[in-house]
Chemist: 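I have a structure here, written as structure tokens, and I will follow up with some questions on it.
Side chains are part of it too, since the values below use all heavy atoms of this structure and drop only hydrogens, waters and symmetry mates. Letters A, B, ... mirror the listed sequences (proteins, then strands); counts begin at 1.
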Amino acid sequence: MPFPFAHIVVGLPVEGPFDYALPQHLQEKVAVGQRVRVPFHGAQRVGFVVGLADKSAVQNLKLVLAVLEDQPSLAEAVLRLTKKMSEYCGCSWGEAIETSLPRALRKPKIVELSLSNVKNTAAASKPETVLFHDPSRRERWKYFQERIQETKVQEQGAIILVPEASMIDEGVAQFKKVMPATAVIFDKKIKPQEEWQQWKMVKEGKVAFVIGTRSAVFAPVANLGLIIVFEEDNSAYKQEQSPFYHVRDVARMRAEIEKCSLLFISTTPSAEIWHELSNGIIKKVSCVPEDLSSMQLVDLSNYNPAKTSVISFPLRNLMEKSLAGKERIVLLLNRKGFSTVTRCNQCGQALTCPRCNVNLTYLYSKKKMVCRMCHYTTAVPKICPQCKSPYLRALGTGIEKLESEAARIFPMARIARFDQESSAAPNNADILIATQAVFRILDGYRADVVAILDFDAQLNRVDFRSAQKAFASLIFLRYAAKKKLVVQTYQTNSYLIEAAKNSNFDLFYEQEIKLREELQLPPFKHLIAVGLRGREEQTVLEQAQALYERLQADGALYEASDPQPDHLAKLRDQYRFTIMLKTTAVAETFVQVKAILKDFKRKKSTIITVNLDP
DNA sequence: AGCACGCCGACT
DNA sequence: GTCGGCGTGCTC
């Protein structure tokens, strides 16, 4: 029986659904999950049909103008997934649907889809969630191939998620070893037209295996048997714009809705995932090998590096021996450029970015001053902009300065540098001096000795995940170094370093999870960051304070913290403050926060964002 | 998000 | 007297 009304959502941050009337000739053609063209607030937009009805409570309904496709581009399971995601991320249902679709379908263009002939076959085995813990990364592909084979045998499809586009090629190559040429690639960097072609192949059931980055989690695989997430602790899986979703969470929702298996393949799983091993929700398959390079600590409190060099004496001795044995060394220092601070010796003024207020980095190679946050670039001043004296000094060591220092200490060594802008690894360097960007090539690089010069900088960050991240990089580097990992630090007796030194994962996670519980951080409570930003510091702060008071007044579901200036309080000419909410009831808190914001927002031109578990 | 409607300053 | 500034409100 044809329905005369439709419930429709749009890709805007407005609650819906909105009711529309269906003209007679469209009633036969329209179905739930289809894209339609609708008039909305004076303009025409793409609407998504989320329901049909035989009556509506709203008077003077507008008419649906056109149906944009013959088959619904949104399967019922994806509709449910996006609905759940919207509640969980604090975005509208329409926004969630829009992010789930290829860019080509966000425009009101008419498309044709052939009907998929994929039959839904239930898997022979019961769906399960598995963590494959493989710190050496030697076993992951074998395990991956076995699971892909299984999925294929059960005539189901799979989604394979990798954190970065650079990992797609390797994934495809490994995939092809078990199944020649039947995977499709999803990544936001490909052209919209190409993305649409790939999407269509999956939607029409021509391909059942998808490999890609973040957005691939929404791929329209019809008979989904398995979702694989590589390195779920990687922060690239978190979208840093609205909707602020994390792939790990969306993958879990999807696995639950579609009753499919979920596999996390990780070197250092997140504390959130590890915590769920204890309650049996996730099953662990462990592959921790016995053989491992050694780890040596250099206690910086015994060697006064600030006065001499960022290369401590023990490290220097070790490097000498290593170089004599024709070994290859990687020195890690996570500061690009030559110097990190340029200060006037006369008035003490440091050169800062006019838009972000952070110290400008001096790039020796380009003879420029740059801001590491916003890439603001300026010429190197000859005199102090404040007092006009000519005594500007470059302080703080970046990798360019380290390079010249290493060249002075080891004049015979071949030295190369690697940072964000570098592409390939040099193949004949004795010493490679690098920032964290080197992680992406280290798997294919023979590094005998790796030394972290500024380990403490990783720990002293405000981010509550800094311990997790620091631990992850220590473990990664221990396996990347063939012989030895050297860590220069003041904190030689931290549990994190001890756990990494003894390759004791249980110790690290036990301590980390205990700490998270004490501080009531994820996974025990969720954080919702309500961020305010604007060009006038005073206005933003006043707004933040007022909003905080409003939130505080209705705070039965959550605890609200005072508005705090962000880590970078001024970024790209905007002042930023965050109010942090802690809660166990995410969806309910979002409903309340949204109600408060709706009533509050009618103030000034301040931008407010809401980010779950930042 | 955008787009319309609304109430206060410099123009023919 | 009007054009248009952005601040605020609403979208079936």
Chemist: Does a side-chain N-to-carboxylate-O contact under 4.0 Å join A:E537 and A:K570?
Modeler: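 A:K570 and A:E537: not salt-bridged.
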Chemist: Rounded to whole Å, please give me the gap between NZ in A:K62 and P in C:dC10.
Modeler: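 Distance, rounded to whole Å: 15 Å.
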Chemist: To the nearest Å, give me how far apart CD1 (A:I608) and C1' (B:dA1) are.
Modeler: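 After rounding, the reported distance stands at 15 Å.
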Chemist: When you look at NZ of A:K206, are more than 12 heavy atoms from neighbouring residues, nucleotides or ligands closer to it than 6.0 Å?
Modeler: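 For A:K206, atom NZ is crowded (more than 12 foreign heavy atoms under 6.0 Å).
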Chemist: Rounded to the nearest angstrom, tell me the gap between atom CD1 in A:I8 and atom C1' in C:dT11.
Modeler: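 For the pair A:I8 CD1 and C:dT11 C1', the rounded distance is 14 Å.
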Chemist: Rounding to an integer number of Å, can you tell me how far A:I607 CD1 sits from C:dG7 P?
Modeler: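 To the nearest whole Å, that distance equals 13 Å.
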Chemist: Could you go through nucleotides 2-8 of chain B and list every protein N or O atom that sits under 3.5 Å from one of its N or O atoms, giving the distance for each pair?
Modeler:
unit_1, atom_1, unit_2, atom_2, d
B:dG2, N2, A:H41, ND1, 2.6

Chemist: Round to a whole Å and report the spacing from CZ of A:F3 to P of C:dC12.
Modeler: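 Result: 23 Å.
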Chemist: Any Lys/Arg nitrogen of A:K191 or A:E195 sitting under 4.0 Å from an Asp/Glu carboxylate oxygen of the other?
Modeler: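 The answer is no: the pair does not qualify as a salt bridge.
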Chemist: Round to a whole Å and report the spacing from CG of A:N60 to C1' of C:dT11.
Modeler: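 Nearest whole value for this atom pair: 15 Å.
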Chemist: From CD of A:Q44 over to C1' of C:dT11, roughly how many Å is that when rounded to an integer?
Modeler: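 Distance check: A:Q44 CD to C:dT11 C1' gives 15 Å.
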Chemist: Charged N to carboxylate O below 4.0 Å: is that the case for A:R35 and A:E69?
Modeler: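 So A:R35 pairs with A:E69 through a salt bridge.
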Chemist: Between side-chain atoms of residues 544-560 of chain A and protein atoms elsewhere (two or more places apart, or another chain), which donor-acceptor pairs fall under 3.5 Å?
Modeler:
unit_1, atom_1, unit_2, atom_2, d
A:Y548, OH, A:Q552, NE2, 2.9
A:R550, NH1, A:D554, OD2, 3.2
A:Y558, OH, A:L551, O, 2.7
A:E559, OE2, A:K525, NZ, 3.0

Chemist: Output all residues satisfying salt bridge (Lys or Arg N to Asp or Glu O under 4.0 Å) with A:E87, sequence neighbours left out; order by chain, then residue number.
Modeler: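 Expected list: A:K83.
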Chemist: Under 4.0 Å, counting only non-hydrogen atoms across every strand here, what does A:P39 touch: a base, just sugar-phosphate, or nothing?
Modeler: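 Here A:P39 touches the backbone only, sparing every base.
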Chemist: Remember a base hit wins even if backbone is also touched, and classify A:Y20 as base, sugar-phosphate or nothing at under 4.0 Å, heavy atoms.
Modeler: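 It contacts sugar-phosphate atoms only.
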